[in-house]
Each structure stands twice: as C-alpha cells, then as structure tokens.
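Report on the structure given below.
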Amino acid sequence: MSGQLASSTLIAAHRIADISRADLQIILRRAALRLRNAGAVSMEDDVEEALRDLAGELGMTRNDTIRFIVREWMEKNTYLPVHELDEDGDTDGEA
C-alpha cells in the first residue's frame with residue numbers, strides 16, 4: 001500500500017495542475033495517516049537499541065527491519081509460506 005501511495009503522491013506532484021482538488025485531498029489524507037501511524041510500534045529501551053543496531057547492520061530502516069523480523073518469524077512458524085528460490089534464476093553463485 002505504501003508503494004502505491006508513494007507513486008500516486010509523486011504523480012500528483014508532477015501533474016499538480018491536472019489533478020482535481022478532491023483527488024489531492026484524498027492523497028494528502030492517506031499520506032498524513034501513514035506518517036502519523038509510521039512510528040506506532042514502540043519497544044522497551046533495550047529492544048530499541050538492539051533494533052537500531054540490527055537495522056544498521058542490515059542497512060535497513062527501523063520499520064523495514066521490524067517487517068523483516070516479523071516476516072521471518074511468521075515463515076519459520078508456518079504462519080506464512082516460505083519464499084522458495086527460483087532454481088532457474090541467476091544468483092551469481094549465491095543461494
């Protein structure tokens with residue numbers, strides 16, 4: 001959803017003269033909601049510190065790291081299907 005919101009926001013920015021006021025209001029409201037809810041997950045101080053360290057190691061944002069951890073946990077505990085490697089794909093010698 002955030003990718004779609006980002007795309008529509010960029011399109012609106014490039015075509016500001018062509019977009020209707022109502023459509024612009026919708027896009028801005030969605031963006032505002034996403035921004036307001038972006039930091040909704042708070043952790044204890046020790047967890048925040050570990051999360052920041054891990055995010056730095058992985059080169060990811062805090063929120064992307066949380067999404068990564070949750071996805072991995074859900075896959076390992078069979079709540080989500082595991083992503084399988086494409087055997088015909090080019091991996092440059094890496095699995």
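No hydrogens, no waters, no symmetry mates; every other heavy atom, side chains included, goes into these values.
- The closest side-chain heavy-atom distance from Glu49 to Asp45 is not below 4.5 Å.
- Annotation for Met43 and Glu48: closest pair N-OE2, 3.3 Å, computed over non-hydrogen atoms.
- When all heavy atoms of Thr65 and Met60 are compared, the pair lying nearest together is OG1-CB, 3.4 Å.
- Residue Val47 is grouped with residue Ile66 when hydrophobic side chains (ILVMFWY) are merged at heavy-atom distances under 4.5 angstrom, including chains of intermediate members.
- Taken together through direct or relayed side-chain contacts under 4.5 Å among Ile, Leu, Val, Met, Phe, Trp and Tyr, Leu10 and Leu28 form parts of separate hydrophobic clusters.
- One finds the CG atom of Asp53 at 11.0 Å from the CG atom of Leu58 (value rounded to the nearest 0.5 Å).
- Asp64 meets the salt bridge (Lys or Arg N to Asp or Glu O under 4.0 Å) test with Arg67; sequence neighbours excluded.
- Residues Ile19 and Ile27 meet the side-chain proximity criterion, which asks for heavy atoms closer than 4.5 Å.
- Distance check: Asn63 CG to Phe68 CZ gives 15.0 Å after rounding to the nearest 0.5 Å.
- With rounding to the nearest 0.5 Å, the separation of CD in Glu44 from CG in Leu51 is 11.5 Å.
- Counting heavy atoms from C-beta on, the side chains of Arg21 and Leu24 never come closer than 4.5 Å.
- Partners of Asp46 by salt bridge (Lys or Arg N to Asp or Glu O under 4.0 Å), not counting sequence neighbours: none found.
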